[in-house]
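Being a predicted model, the structure only gives us computed values, none of them experimental. Sequence positions, counted from 1, serve as the residue numbers for this chain.
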Amino acid sequence: MEQAKTVSAKKKRTSKLYVQEHRVAFLFVLLPVIGFVLFSAIPLLYSTYAAFTDWNGLGQMNFVGLDNFRKLFKDEYFYKTMFNTVYLMLGIPIGLLLSFLLASALSRGIKGTTIFRTIYYIPVISSLAAISILWQWAYNGDFGLVNQVLALIGIKGPNWLQNADTVKPAIIIMTVWKGLGYSMLLYLAAIQSVPKTFYEAAELDGASSIQRFRNITWPMVKPVTFFLVVTNIIGGSQIFTEVNIMTPTGGPKYSSATVVWYLWQKAFKNWQMGYASSMALILALLVFAITAFQFYMNSRNSYTLD
């Protein structure tokens with residue numbers, strides 16, 4: 001009888017502790033959810049509704065239906081900025097290739113690996129605005145560091161940011177340099193996580209270096225590549241700070257203006273919030289479609305090591 005009372009008392013204490021722990025855990029989970037609702041979900045719904053109005057950001061919202069979208073699809077600057085945005089994304093495969101090569105080199109245990117990792121990662125944690133200003137100075141056509149280096153080998157460099165043919169490649173070089181360290185560290189972690197026994201067994205079977213890469217290294221780094229491609233495309237579609245600082249007017253002939261930069265101009269310079277919201281909605285749908293397609297293709301092509 002006493003033993004039964006003891007067991008019931010323990011169950012009661014355990015149940016109280018169990019309930020208390022779950023309440024605390026619920027509060028920890030609730031805070032991010034509240035933050036998401038207040039700062040993401042509600043603004044998203046509000047912006048979606050604004051896309052169908054002529055709102056200027058201050059006055060009353062007047063429903064105009066699809067007028068903003070009709071104007072948008074006739075706006076030549078929208079197509080130009082969309083082209084510029086896609087063009088700047090050419091830096092994504094270049095950056096991934098360079099970061100993979102660097103990670104492969106550092107994974108071989110060369111001296112000073114820690115120092116090299118630190119040097120390459122410094123731009124990642126540095127202020128994007130500060131880096132954009134530094135590169136703006138470096139690209140100056142008269143006294144910029146880039147042209148001074150080119151002059152040493154007898155090449156006269158252009159005024160990079162004031163030339164329609166060079167402004168986009170110049171921004172690509174800067175963005176690749178900025179994100180190189182982050183991608184490199186992820187690739188380095190993936191490469192170093194591959195068991196050495198896999199490579200030893202492959203060598204014993206007479207596999208070449210290309211076969212070892214295709215059948216061992218690539219399957220192990222493929223998830224990292226997929227993650228980097230998805231996040232880089234999402235981030236690349238929203239490129240703004242670099243363009244706004246290095247080419248405040250959108251570059252010569254709007255040659256460096258991106259969709260988000262053009263959206264910002266319409267919203268906060270021209271006070272066309274409804275029109276800017278329609279542009280943001282189209283951009284969000286495009287990014288969602290591209291991301292969903294990438295997940296679909298990744299699920300079809302995914303495979304595991306036997």
Exercise for the section: With rounding to the nearest 0.5 Å, note down the distance linking NZ in Lys156 to CG in Asn147. Expected result: 7.5 Å
Exercise for the section: Kindly state whether the ring of Phe295 and the ring of Phe226 have centres lying under 6.0 angstrom apart. Expected result: yes
Exercise for the section: Please round to the nearest 0.5 Å and tell me the distance separating atom OG of Ser278 and atom CG of Asp75. Expected result: 9.5 Å
Practice task
Could you check whether the rings of Trp261 and Tyr254 sit parallel, tilted or perpendicular, using 30° and 60° as the cut-offs?
Solution key: perpendicular
Practice task
Compute whether any side-chain donor of one residue and acceptor of the other, for Tyr199 and Thr217, lie under 3.5 angstrom apart.
Solution key: yes
Handout entry: Leu180 side, atom CG; Ile94 side, atom CD1 - distance, nearest 0.5 Å
Key = 11.5 Å
Problem - Test of ring centre spacing under 6.0 Å for Phe240 and Phe268 - result: no
Handout entry: Gap between atom OG1 of Thr118 and atom OH of Tyr120 - 0.5 Å precision
Key = 12.0 Å
Handout entry: For the student: nearest non-hydrogen atoms of Trp55 and Leu58, plus distance
Key = NE1-N, 3.6 Å
Exercise for the section: Please check if any side-chain donor atom of Tyr139 sits under 3.5 Å from a side-chain acceptor atom of Asn159, or the reverse. Expected result: no
Problem - Centroid separation Phe100 to Trp218 less than 6.0 Å - result: no
Handout entry: Pairwise side-chain contact, Ile233 with Thr291, heavy-atom cut-off 4.5 Å (strictly under)
Key = no
Practice task
Rounded to the nearest 0.5 Å, what's the gap from OH on Tyr87 to OG on Ser256? Could you check?
Solution key: 12.5 Å
Handout entry: Sub-6.0 Å ring centroid separation between Phe73 and Tyr79
Key = no
Exercise for the section: With rounding to the nearest 0.5 Å, note down the distance linking CG in Leu263 to CD1 in Ile282. Expected result: 11.5 Å
